[in-house]
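Okay, so here's the structure we're looking at.
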Amino acid sequence: MVRDGARPGEHKYLAVRAYLADLVTSGLAVGDAIPSERSLTEQFGVSRMTVRQAIDALVTEGVLERAQGRGTFVAPPRADFEMRLTTFGEEARRRGLTPGAEVLDAATVPAPPHVAEALDRATGDPVHHVVRLRTADGTPMSIEDSWIPADLVPGLLDDGVPESLYAALRAHDLEPTWGEETITAADGTPDELQRLEMRGTQAVMRTVHRTFGGDAALLYSRTCYRGDRYSVFVPLREARPTLVPGTRPAGTDAGRPVQPGRIPEGSPR
Amino acid sequence: MSTPDPDAQLAASILTGLGGVENIEEIDPCTTRLRSLVKDPALVDAALLKRAGAYGVMINGRVVQVVVGPRVDTIASDLAELM
């Protein structure tokens, strides 16, 4: 806990913080009040400022939340959404959360270059563009910009924005089968922080996503997830062997199974 | 010899698009992409790769990523045979 070179007082702040973090995981339930600042001050023999610093850090991380005039409480756990080919609504429901969506914008527009590129269309081709604030149990979780080629589902927005874009695609025999997503950490813009009702940290995760159905690009989306309420769960699997030219084993022409060339893990790339 | 299947054809086109076996240092098959390290990025033909069926091509220095989707396993096996 105490590192060499720690600033004076820093180890005390870290001790209080570790104590509170441990209380949250082992002793307290969601919504429980944490011990008062005064009792922590006495227990650790530190200043009130040090206690506040520790609490502030945990509020910023989303572990604790302050209620004006009432004290500081254990925050609900983060939503740990798995990176897989599902939608926000499906992932939320599987965690016992009620998904919601507030449509911020919906229109059929000419595809900007980056959208056209992602959806394998020409720039200017019509695409449905939907911007939604996604909520779980009423709490804002993310702001989602989605684009779907208009030729795939021409009347997508005719009766308002469908509750589930995937369901709308499936209804047109466009079954999502695979996709890709890139996650980048960033600071939210003032507008994003306000819409997501973020008060502590400004940290967000931005994702860029493409959904395919077989060969066809079905959906492109850019989403901003709040960093204090959301975790990403990524299942891992063994890496495939790297292919290196000229390492093909002899005798493969005779129809024997092919063993791709292997290089040791951690080789310079 | 068996008739070439679409995956094998794509594998052959990918090698051509990457500038041929001689231009390749290694190819790392990911879940939906082939990440390759090439000797000379100028020999990479992104348009050819996309025409051949790649869903995207990202070139960053000598690293060329070719998005091929979940067929990556069979394509990697086909590539291994050609390399």
Side-chain angles (χ1 to χ4, degrees), chain A residues 83-85 113-122 175-182 208-220 234-269, chain B residues 1-2 6-8 10-12 14-16 18-39 46-47 49-83:
Chain A
M83 297 289 277
R84 54 180 172 177
L85 201 61
H114 72 284
V115 174
E117 164 88 23
L119 291 173
D120 198 21
R121 295 295 188 281
E175 184 69 34
T177 55
W178 66 281
E180 286 193 337
E181 194 155 298
T182 307
V208 179
H209 171 103
R210 283 203 292 171
T211 293
F212 289 84
D215 281 344
L218 302 182
L219 182 147
Y220 171 64
V234 185
L236 305 178
R237 64 175 192 176
E238 194 187 10
R240 293 181 178 82
T242 299
L243 307 170
V244 181
T247 52
R248 183 164 66 125
T252 48
D253 294 335
R256 294 224 319 262
V258 174
Q259 286 297 316
R262 224 178 225 288
I263 60 165
E265 203 57 46
S267 298
R269 292 284 147 91
Chain B
M1 285 277 127
S2 57
D7 287 344
L10 178 55
I14 286 171
L15 278 190
T16 309
L18 291 174
V21 179
E22 319 73 48
N23 196 37
I24 292 166
E25 268 184 27
E26 61 176 54
I27 298 178
D28 184 17
C30 304
T31 304
T32 54
R33 298 181 174 195
L34 299 165
R35 286 171 208 269
S36 43
L37 183 64
V38 299
K39 290 171 185 154
L49 289 166
K50 295 205 63 180
R51 276 202 308 278
Y55 302 104
V57 179
M58 295 80 166
I59 303 175
N60 187 3
R62 294 201 295 134
V63 177
V64 183
Q65 298 188 46
V66 183
V67 182
V68 295
R71 296 149 81 194
V72 74
D73 271 324
T74 51
I75 291 167
S77 306
D78 291 331
L79 281 172
E81 272 193 70
L82 297 169
M83 288 167 69

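Proteins come first, then strands; the chains are lettered A, B, ... in the order of their sequence lines, and each starts at number 1.
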Requested in this report: Run the numbers on B:Y55 and A:D120 for side chain to side chain contact (heavy atoms under 4.5 Å, CB included), then give the verdict.
Outcome: CA-CA 8 Å; B:Y55 302 104; A:D120 198 21; over 6 Å; no

**Report entry** CG-CD1 distance between A:L243 and B:I75, expressed to the nearest 0.5 angstrom
**Finding:** 11.5 Å

Report summary line: Heaviest contributor of heavy-atom pairs below 4.5 Å to chain A, chosen from B:V72, B:V63, B:L79, B:V67, is B:V67

Query raised in the report: Just by modelled atom types, is the B:A76 backbone N or O under 3.5 Å from a matching donor or acceptor in the A:R240 side chain?
Result: no

Query - Working for side chain to side chain contact (heavy atoms under 4.5 Å, CB included), residues A:E180 and B:T31 - result: CA-CA 9 Å; A:E180 286 193 337; B:T31 304; over 6 Å; no

Report summary line: Value for OG1 (B:T32) from CZ (A:R210), rounded to nearest 0.5 Å, stands at 9.0 Å

Query raised in the report: CD of A:E117: more than 12 outside heavy atoms within 6.0 angstrom?
Result: no

Query raised in the report: How many angstroms lie between atom CG of A:D215 and atom CZ of B:R71, to the nearest 0.5 angstrom?
Result: 6.0 Å

Requested in this report: Search all heavy atoms of A:P241 against all heavy atoms of B:P29 and return the closest pair with its distance.
Outcome: O-CD, 3.3 Å

Requested in this report: Write down the atom of B:E25, the atom of A:P245, and the distance for their closest heavy-atom approach.
Outcome: O-CD, 3.3 Å

Report summary line: Interatomic distance, OG1@A:T242 vs CG@B:L37, rounded to 0.5 Å, equals 10.5 Å

